[in-house]
Peer 1: 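One structure follows; several queries about it will come next.
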Amino acid sequence: MDATAPEAGIPPHRYDAALAAEIESRWQAVWDASGVYQAPDPAGAPSSGRGSPDPKLFVMDMFPYPSGSGLHVGHPLGYIATDVYVRFKRMSGFNVLYTMGFDAFGLPAEEHARQTGQHPRINTEANIDNMRRQLDRLGLGHDKRRGVATTDVDYYRWTQWIFLQIFNSWFDPESRRARPISELVDEFSSGRRPAPGGRAWNELSEAERRGAVDSHRLAYVADAPVNWCPALGTVLSNEEVTNEGRSERGNHEVFERPLKQWMMRITAYADRLLEDLDRLDWPESVKTMQRNWIGRSEGAVISFPAASFRQLEMRPIEVFTTRPDTLFGTTYLVLAPEHPLVDELVAGAWPAGTPDSWTGGAATPREAVAAYRARASELSDADRSDSKSGVFLGAHAAVPFADSRVPVFVADYVLMGYGTGAVMGVPGEDQRDREFAEAYGLPVVRTVQAPPEHPGELAYTGDGPSINSRFLDGLDVEASKALILERLTEAGFGRHTVNYRMRDWLFSRQRYWGEPIPIVFDDLGPVALPDDMLPLELPELTDWAPRALARDSEPEPPLGRVAAWVGVETDLGDGPRRYRRELNTMPQWAGSCWYYLRYLDPRNDEALVDPAVELYWMADPEPGGVGGVDLYVGGVEHAVLHLLYARFWHKVLYDLGHVSGPEPFRRLINQGYIQAYAYKDARGVYVPAEEVEGSLREGFTHGGQPVARELGKMGKSLKNSVTPDDMYAAYGADTLRLYEMFMGPIHQDRPWETRSVVGSQRVLQRVWRNVVDEETGALRVTDEAPDDDLLRLLHRTVDGVRADMEGMRFNTAIAKLTELNNELTRRGTGAPREVADVLVRMLAPLVPHFAEELWHRLHGDGAGSVTQAEFPAADPALLADDAVEVPVQVNGRLRGRVTVAADADEEAAVAAALAEPNVAAHVGGRELRKQLYVPGRMITLVV
RNA sequence: GCCCGGAUGGCGGAACUGGCAGACGCAGCGGACUCAAAAUCCGCCGCCCGCAAGGGUGUGAGGGUUCGAAUCCCUCUCCGGGCACCA
């Protein structure tokens, strides 16, 4: 059968998928041609020339990676929500900036290129086109002039520019902000800041000066152990490695390798990143995750003089502790296996009387340590956590202010990457230390008086008076900390310190498909390319042959294969010289760190963004606020990485005067995920979800065989994908939009149920029928004024829908609109024109094509686009009824309802209640002990 | 282990700040229309008792505060997420 021919019995003008498709493509073409979604700037390049006195609003989705596998219905959930909100705000008089870009550098395109031999740009651009097509079909009201892709040369030119800004800055701890590196040089050369080694600046060699400056830069080269992932062919940042020591992407093995790498000094901003969280309108969970990630803890560094058996020279072991008050409970020290002092302190022979359990069965401490280290590097972190293990170094350390000498161990429960890589073992007050002490027979000394009910075999971490602690005895934990810190500082044994879990950001990637780092090297180190040499474009790479990515391989950047690119002769101000280029590229996070700024001014080739345009769009509506994007919507999986990196870059740009406020995103909402049922057969193999029959009650089957249902992510592996294209074909884009918004609150995960989508289509069909005759296509609206009941319902609906839209509670807004429409349907006469007009405007944000079609049918073409019509406002006079029905409780139980005047007082309400037969029966003539009237809400009687 | 969320009919969810639990939708049941079916329209729809009026009971479990608790407090169970030998 011809798909476009109406089926027998279906009215020719019914709102079905075919009609929806026709309406949708027609209006999309009109909107595109007329530019209704273009947001005018008050200044700057992309202005449409219209001045705008309206308040501004900047709304963004987290931009997507243009994947080759296309979208499923879960992807656009957040996009639909922002689009609805934006349309509502636009109709409420806001000048809204809303657009979409693509985060298009990254591994999949490069992997695809390796397999096909095709340049990643070709594949990337094809994917972008496909994704644009799928998103356009949804009718998202983006300002298309402003979209960017991070792979555009015009875009990454500015990513590189920002890199240079960071490279050419240092963090001044006194003013707690980034400053140009030239000001550091001035301070060194003027003597205001002492040069390294206490010598005069001009006495230093060129190499020494370069080294002093380079070590202060916010972007710097470090020779550090890195996370090398052979399967991905790149090193990864700490954030990209899971707790199990595998890559977050792909779950591949990761190995430590020492390597020269670019680092970003994000730790300098730790305190500001932490403090400013309090000023953000973000989900508390995301703030908590960032706080945990930063991991600020206050404590002390304490120095323990240590020496091995028969060694004369003492070497200080510095430990970090948050409990300096427990110093006198220290019964041993522990160094991390990788700690540099291990080799210096390890003894040649066991001291007399060393317990067997401390030796690891080795003949000498040196052998024991070597064996222990070898074993530690083999074990995964998960295996390590089972029980405490370690070996004795044959060395002892002196506890400050105490006469005791304590043994020094190496143990893998101490991590080199946190604090100083060494701890003081206090088994009385720390449970981990307690477990270690029990395993090796070390003494336990309590230094805080535990309450009598505290079990003796557990460490006590609570508050209480200090004991066994000399001058601290009797003081509580807080006071003990203060006093011991004072004494340690005086004696030179320690000091107060703040420690962070967060490390600097490893910024190099050994990949081709990323932004080249605009740096060259001479014999003394890195040299920035000048701004006028940007963009530094990726060279063509012809050698796509896959490299052996063995476990024992070494990192090798693909750009190193382009010989003509590696070595470069250029003039950077002191005549033509030969330089070596930086061969690494930037991580995928770089492009997403600042794309919101480029949306504001995408074609500016003088600056990354015009300052006046930036100020207009990023200004905080509240004076003194942090500014930034007014609403940012995206998945919670970016809670730490993307959102922390972007905040860091933004703060650097703020310090250097390139942006007007300290934060990039003032309000953040995490949209939930659409989950889908997946079905497994008896073998545990997933079967295509669309072929499964049955129900929860009667059981599910596939091909007659029973299958088990589970809820999971939508995707190929679970064979449960539903694509937007499927939904467009069966229902149309507006129905898909309405259904996705109706499923539940925006932040909540929810299971997809294709069979329920029809409900949203039926709602639209009923609206359609109340306005349009399905048989003739003629208008069905009446020119009669709505009666009082309908008018009041209309205004109550307007009032509620406005509030729900403002609060992004689109599910309840849709319910209210449905109720209004159901009332129109019940009347069966066609909608009064006034009601139809208001209803269509309220529907416009949710189902823009549908509303635009009805709007034009109602008003003709002279009324303009509904997207620019005014969102209805309720008449307050019509919100309050003269009489209200109020429930009556007797002794806390509902016994009836009475209708009273809206302004009735308590006496009148109670009198009305007592007149109600069922209420009277339950009161039974007894005396009222208490009466209460919550106006319009409840009458309560107590007898 | 610690820190965040959450638990409401067969299902998704609603109930604003303590005031009619279950809006709206799906599924189900009944009716009208139809030769019939689909579509549409009308109605019913937590559980128990009752012909009905009505009564009892009910928001994961137990306790508390209150005239009144899905909502506030305490204890517990389960589910989801984050962190986790972080000194």
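Just so you know, these numbers come straight off a predicted model, no measurement behind them. No hydrogens, no waters, no symmetry mates; every other heavy atom, side chains included, goes into these values. Chain identifiers are assigned alphabetically (A, B, ...) following the order of the sequence lines, protein sequences preceding nucleic acid strands; residue numbering begins at 1 within each chain.
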Peer 1: So which nucleotide from B/rA87, B/rG12, B/rA84 ends up closest to the side chain of A/Thr321?
Peer 2: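 Shortest atom-to-atom distance from the side chain points to B/rA87.
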Peer 1: For A/Asp749, which contact category applies under a 4.0 Å heavy-atom criterion: base, sugar-phosphate, or nothing?
Peer 2: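 Result for A/Asp749 = sugar-phosphate.
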Peer 1: In this structure, how many angstroms lie between the P atom of B/rC85 and the CE atom of A/Met424, rounded?
Peer 2: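 So the CE-P distance, A/Met424 to B/rC85, works out to 20 Å.
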Peer 1: Side chain of A/Arg762 only, heavy atoms from C-beta on: which candidate in B/rU40, B/rG19, B/rG25 is closest?
Peer 2: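 Nearest nucleotide to the side chain: B/rU40.
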Peer 1: Is B/rG12 paired to anything, Watson-Crick or G-U wobble with both distances less than 3.5 Å, and if yes, which nucleotide?
Peer 2: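 Here B/rG12 is engaged in a pair, and the nucleotide opposite it is B/rC24.
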Peer 1: Could you tell me whether A/Thr818 contacts a base, only the sugar-phosphate backbone, or nothing, with contacts defined as non-hydrogen atoms closer than 4.0 Å?
Peer 2: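 Here A/Thr818 touches the backbone only, sparing every base.
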Peer 1: Under a 3.5 Å cut-off for both distances, is B/rU65 Watson-Crick or wobble paired, and to whom?
Peer 2: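 Check on B/rU65: unpaired, no WC or wobble geometry under 3.5 Å.
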Peer 1: Name the nucleic acid region contacted by A/Ser297, choosing base, sugar-phosphate or nothing; use a 4.0 angstrom heavy-atom cut-off, strictly under.
Peer 2: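 Sugar-phosphate, no base atom in range.
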Peer 1: With a 3.5 Å limit on both atom pairs, tell me what B/rC83 is paired to, counting Watson-Crick and G-U wobble, or say none.
Peer 2: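 Looking at the geometry, B/rC83 pairs with B/rG1.
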Peer 1: What integer distance in Å separates A/Asp430:CG from B/rA87:C1'?
Peer 2: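 Checked: the CG to C1' distance equals 6 Å.
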Peer 1: With a 3.5 Å cut-off and just heavy-atom distances, do the side chain of A/Lys388 and the base of B/rC85 make a donor-acceptor pair?
Peer 2: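 In this structure, the two groups form a donor-acceptor pair.
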Peer 1: Rounding to an integer number of Å, can you tell me how far A/Leu327 CG sits from B/rA87 P?
Peer 2: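 Interatomic distance, CG of A/Leu327 to P of B/rA87: 18 Å.
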Peer 1: State which of B/rC26, B/rG12, B/rC85 makes the closest approach to the side chain of A/Pro751.
Peer 2: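 Shortest atom-to-atom distance from the side chain points to B/rG12.
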Peer 1: Give A/Pro283 one of three labels, base, sugar-phosphate or nothing, depending on what nucleic acid heavy atoms sit under 4.0 Å from its own.
Peer 2: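 Nothing, no nucleic acid heavy atom in range.
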Peer 1: Less than 3.5 Å apart, any donor N or O on the side chain of A/Ser297 or A/Tyr418 sitting next to an acceptor on the other?
Peer 2: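 A pair is found: one side chain offers a donor N or O, the other an acceptor, under 3.5 Å apart.
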Peer 1: In whole angstrom, give me the gap between the P atoms of B/rC73 and B/rG19.
Peer 2: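 To the nearest whole Å, 15 Å.
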Peer 1: Using whole Å, report how far CG of A/Asp804 lies from C1' of B/rG13.
Peer 2: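 The answer, rounded to whole Å, is 14 Å.
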Peer 1: Could you check whether the rings of A/Phe436 and A/Tyr413 sit parallel, tilted or perpendicular, using 30° and 60° as the cut-offs?
Peer 2: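 Plane angle between 30° and 60°, so tilted.
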Peer 1: What is the nucleic acid contact for A/Gln889, judged by heavy atoms within less than 4.0 Å: base, sugar-phosphate only, or nothing?
Peer 2: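 If one applies the 4.0 Å heavy-atom cut-off, A/Gln889 turns out to touch a base.
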Peer 1: Does the side chain of A/Gln931 pick up a donor-acceptor pair with the side chain of A/Glu907 at under 3.5 Å?
Peer 2: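 There is such a pair (donor and acceptor under 3.5 Å, judged by atom type) between the side chains of A/Gln931 and A/Glu907.
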Peer 1: Salt bridge (Lys or Arg N to Asp or Glu O under 4.0 Å), that's the test. Do A/Arg769 and A/Glu775 meet it? Break it down for me.
Peer 2: CA-CA 10 Å; A/Arg769 268 196 293 275; A/Glu775 296 296 337; over 6 Å; no
Peer 1: If the glycosidic angle is within 90 degrees of 0 it's syn, otherwise anti, so just tell me which one B/rG9 is.
Peer 2: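 Judged by the O4'-C1' to base torsion, B/rG9 sits in syn, the angle falling within 90° of 0.
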Peer 1: Could you tell me whether A/His747 contacts a base, only the sugar-phosphate backbone, or nothing, with contacts defined as non-hydrogen atoms closer than 4.0 Å?
Peer 2: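 Here A/His747 touches no strand at all.
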Peer 1: Hey, are A/Thr940 and A/Tyr933 close enough side-chain-wise for a donor-acceptor pair under 3.5 Å?
Peer 2: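 Note: A/Tyr933 and A/Thr940 side chains miss the donor-acceptor criterion.
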Peer 1: Do the ring centers of A/Trp752 and A/Tyr739 come within less than 6.0 Å of each other?
Peer 2: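 Yes, the ring centres sit under 6.0 Å apart.
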Peer 1: With rounding to whole Å, what would you report as the distance between B/rA61 and B/rU77 at their P atoms?
Peer 2: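 One P to the other, the span is 15 Å.
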Peer 1: Taking B/rG58 as the reference, what is the distance to B/rA53 when you measure between their P atoms (whole Å, please)?
Peer 2: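 Each nucleotide's P atom is 22 Å from the other's.
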Peer 1: Which comes earlier along RNA chain B counting from the 5' end, the contact point of A/His922 or that of A/Arg766, where each point is its nearest nucleotide?
Peer 2: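 Whichever sits nearer the 5' end wins; that is A/Arg766.
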Peer 1: Is any side-chain nitrogen or oxygen of A/Arg809 closer than 4.0 Å to OP1 or OP2 of B/rC16?
Peer 2: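 Checking B/rC16 against A/Arg809, no side-chain N or O comes under 4.0 Å of OP1 or OP2.
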Peer 1: Using the P atom on both, measure B/rA14 against B/rG6 and round to a whole Å.
Peer 2: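 To the nearest whole Å, 12 Å.
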Peer 1: What is the separation between atom CG on A/Leu894 and atom C1' on B/rG55, rounded to the nearest whole Å?
Peer 2: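 Distance check: A/Leu894 CG to B/rG55 C1' gives 13 Å.
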Peer 1: Is it the case that the base of B/rG25 and the side chain of A/Ser760 share a donor-acceptor contact (distance under 3.5 Å, atom types as modelled)?
Peer 2: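 Not at all, since no donor on one side and acceptor on the other fall under 3.5 Å apart.
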Peer 1: Counting only side-chain heavy atoms from C-beta out, which of B/rC67, B/rC24, B/rA87 sits nearest to A/Ala815?
Peer 2: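 Ranking B/rC67, B/rC24, B/rA87 by closest atom to the A/Ala815 side chain puts B/rC24 first.
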Peer 1: May I ask you to say what A/Gln931 touches in the nucleic acid, namely base, sugar-phosphate or nothing, with a heavy-atom cut-off under 4.0 Å?
Peer 2: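 The answer is nothing, as A/Gln931 stays clear of every strand by at least 4.0 Å.
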Peer 1: Pairing check on B/rC78: which nucleotide meets the Watson-Crick or G-U wobble criteria with it, both distances under 3.5 Å?
Peer 2: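 Base partner found: B/rG6.
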Peer 1: Between B/rG81 and B/rC11, how many Å separate the two C1' atoms, rounded to a whole number?
Peer 2: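 The same atom, C1', in both gives a distance of 24 Å.
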Peer 1: Has A/Asn670 got a side-chain N or O lying under 4.0 Å from the OP1 or OP2 atom of B/rG81?
Peer 2: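 So the side-chain polar atoms of A/Asn670 never come under 4.0 Å of the phosphate oxygens OP1 or OP2 of B/rG81.
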Peer 1: Looking across every strand, which nucleic acid part, if any, lies under 4.0 Å from A/Asn499 by heavy atom: base, sugar-phosphate, or nothing?
Peer 2: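 No contact.
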Peer 1: From B/rA39, B/rC26, B/rC67, pick the nucleotide closest to the side chain of A/Arg14?
Peer 2: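 Selected nucleotide (nearest to the side chain): B/rA39.
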Peer 1: Kindly say if A/Arg755 contacts the phosphate of B/rG12, meaning a side-chain N or O under 4.0 Å from OP1 or OP2.
Peer 2: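 No, no such contact exists.
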Peer 1: Expressed in angstrom and rounded to an integer, what is the separation of A/Arg826 atom CZ from B/rC24 atom P?
Peer 2: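 Atom CZ in A/Arg826 sits about 8 Å away from atom P in B/rC24.
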Peer 1: Give one of base, sugar-phosphate or nothing for A/Asn811, where a contact means two heavy atoms less than 4.0 Å apart.
Peer 2: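 Sugar-phosphate contact only - A/Asn811 comes under 4.0 Å of backbone atoms but never of a base.
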Peer 1: Determine the interatomic distance between C1' on B/rA23 and the same-named atom on B/rG9; round to the nearest Å.
Peer 2: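 The same atom, C1', in both gives a distance of 14 Å.
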Peer 1: Please work out if A/Arg827 contacts a base, only the sugar-phosphate, or nothing of the nucleic acid, heavy-atom cut-off 4.0 Å.
Peer 2: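 Counting heavy atoms under 4.0 Å across all strands, no contact is made by A/Arg827.
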Peer 1: Over how many whole Å does the gap from A/Asn891 atom CG to B/rC67 atom P extend?
Peer 2: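 The distance from CG of A/Asn891 to P of B/rC67 comes to 12 Å, rounded to the nearest Å.
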Peer 1: Nearest to the side chain of A/Glu819, which nucleotide is it out of B/rG13, B/rC24, B/rG54?
Peer 2: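 The answer is B/rC24.
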Peer 1: Tell me which nucleotide, if any, is Watson-Crick or G-U wobble paired with B/rU34 when both distances must be under 3.5 Å.
Peer 2: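 When the pairing criteria are applied, nothing turns out to pair with B/rU34, so the answer is none.
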Peer 1: Would you mind checking if A/Arg827 and A/Asp789 are paired as a salt bridge, meaning a charged N to carboxylate O distance below 4.0 Å?
Peer 2: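 Result for this pair is no, no salt bridge flagged.
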Peer 1: In terms of the nearest nucleotide of RNA chain B, which residue is placed more toward the 5' end: A/Arg769 or A/Val763?
Peer 2: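 Counting from the 5' end, the first nearest nucleotide belongs to A/Val763.
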Peer 1: In terms of side-chain heavy atoms of A/Thr825, which of B/rG55, B/rC41, B/rG13 is nearest?
Peer 2: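 My answer, after comparing the listed nucleotides, is B/rC41.
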Peer 1: Measure across A/Ala912 and A/Val900 and return the closest heavy-atom pair with its distance rounded to 0.1 Å.
Peer 2: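 Nearest pair, atom of A/Ala912 first, then A/Val900: CB-CG1, 3.7 Å.
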Peer 1: Could you check whether atom NZ of A/Lys287 has more than 12 heavy atoms from other residues, nucleotides or ligands sitting under 6.0 Å from it?
Peer 2: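 Atom NZ in A/Lys287 is packed in, count exceeds 12.
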Peer 1: Looking only at side-chain N and O atoms, does A/Arg501 come under 4.0 Å of OP1 or OP2 in B/rA84?
Peer 2: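 Yes, within the criterion.
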Peer 1: How many whole angstroms separate atom CG of A/Leu458 from atom P of B/rC85?
Peer 2: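 After rounding, the gap between these two atoms is 20 Å.
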Peer 1: Expressed in whole Å, how much space separates the C1' atoms belonging to B/rA70 and B/rG13?
Peer 2: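 Straight-line distance between the two C1' atoms is 14 Å.
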Peer 1: Tell me whether the rings of A/Phe409 and A/Tyr332 are parallel (<30°), tilted (30 to 60°) or perpendicular (>60°).
Peer 2: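 Correct class here is perpendicular.
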Peer 1: From B/rA87, B/rC67, B/rG13, pick the nucleotide closest to the side chain of A/Thr940?
Peer 2: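 Side chain of A/Thr940 sits closest to B/rC67.
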Peer 1: Please give the distance between the P atoms of B/rA21 and B/rC16 as a whole number of Å.
Peer 2: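 About 13 Å, rounded to a whole number of Å.
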